[in-house]
Amino acid sequence: MVSYVGVTFFTCTLLADICYRRDLPSLWLFGFALAARVLMDHVGGFAPLVFPELPRLAGSPLDLALMSVVGLLMVSVVAAVWAGERSLRSDWAIRAVDVRTGRHVPTERELLLAGCATTAASSGLTEREAEILEMLVTGLTYQQIASSLLLSGNTVKTHARHAYAKLGVHSRDEAMRVVREAGARHREG
């Protein structure tokens with residue numbers, strides 16, 4: 001039972017992480033996860049009909065010990081993967097609050113997005129240019145952006161060049177600097 005709860009918790013956490021990173025509607029992923037679980041419950045219910053010896057075999061002490069070891073191994077693997085997943089330890093799932101003032105402390109991502117919005121508005125970027133700038137400064141490649149927005153790579157590069165020209169920069173690193181400065185002003189203001 002412990003391994004089942006551990007795997008379920010791990011699966012839900014990974015699904016939440018996927019929804020966050022890919023900006024996907026969580027209802028679809030959690031719906032698929034629930035459907036898979038219900039399907040497996042039904043398969044498990046019909047297993048004794050297909051394999052009539054299964055209940056007798058699963059009742060021996062050796063089999064119970066083996067299932068316990070497999071369950072503990074699963075929980076260990078889940079814990080190791082979870083501990084190694086960098087984004088699960090990031091601040092995206094936590095709303096930081098300053099204990100002295102009780103006010104929200106913006107995360108690095110929130111500051112970056114606020115900096116993008118401020119920079120886009122002050123530089124006169126189009127909606128598409130602002131969208132691509134945000135994706136660029138969050139670390140996506142041109143190809144990932146093109147795939148996500150269903151555009152060609154050349155179209156993404158053209159929008160990025162126009163955004164860079166309006167910002168007065170020539171590279172992603174320079175754009176990142178401008179956006180971070182705007183985010184820092186957002187933090188102070």
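L167 and A175 get closest at one heavy-atom pair: CD1-CB, 4.3 Å. Closest approach of E129 to A163, counting heavy atoms only: CB-CB, 4.2 Å. In terms of heavy atoms, A120 sits closest to A130 at CB-CB, 3.6 Å.
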Q: For side-chain contact (heavy atoms from CB on, under 4.5 Å), just list the numbers for I132 and L149, CA-CA rounded to whole Å, side-chain angles, deciding distance to a tenth of an Å, and then say yes or no.
A: CA-CA 9 Å; I132 289 174; L149 298 178; 3.9 Å; yes
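No salt bridge links E174 with R177; every basic N to acidic carboxylate O contact stays at or beyond 4.0 Å.
Counting heavy atoms from C-beta outward, V179 and L112 have side chains that approach closer than 4.5 Å. Annotation: side chain of L140 is not in contact with side chain of S148 (no heavy-atom distance under 4.5 Å). I145 has its side chain out of reach of H159: every pair of non-hydrogen atoms, C-beta onward, lies at least 4.5 Å apart.
Side-chain heavy atoms closer than 4.5 Å link hydrophobic residues (I, L, V, M, F, W, Y) into clusters, and following such links, even through other members, never connects L113 to M135. Follow the hydrophobic side-chain contacts under 4.5 Å out from L111 and you never reach L133; the two are in separate clusters.
In this structure, E134 CD and L125 CG are separated by 11.5 Å, a value rounded to the nearest 0.5 Å. To the nearest 0.5 Å, atom NE2 of residue H162 and atom NZ of residue K166 are 8.0 Å apart.
Proximity of a side-chain donor or acceptor of T158 to a complementary backbone N or O of N154 within less than 3.5 Å is detected.
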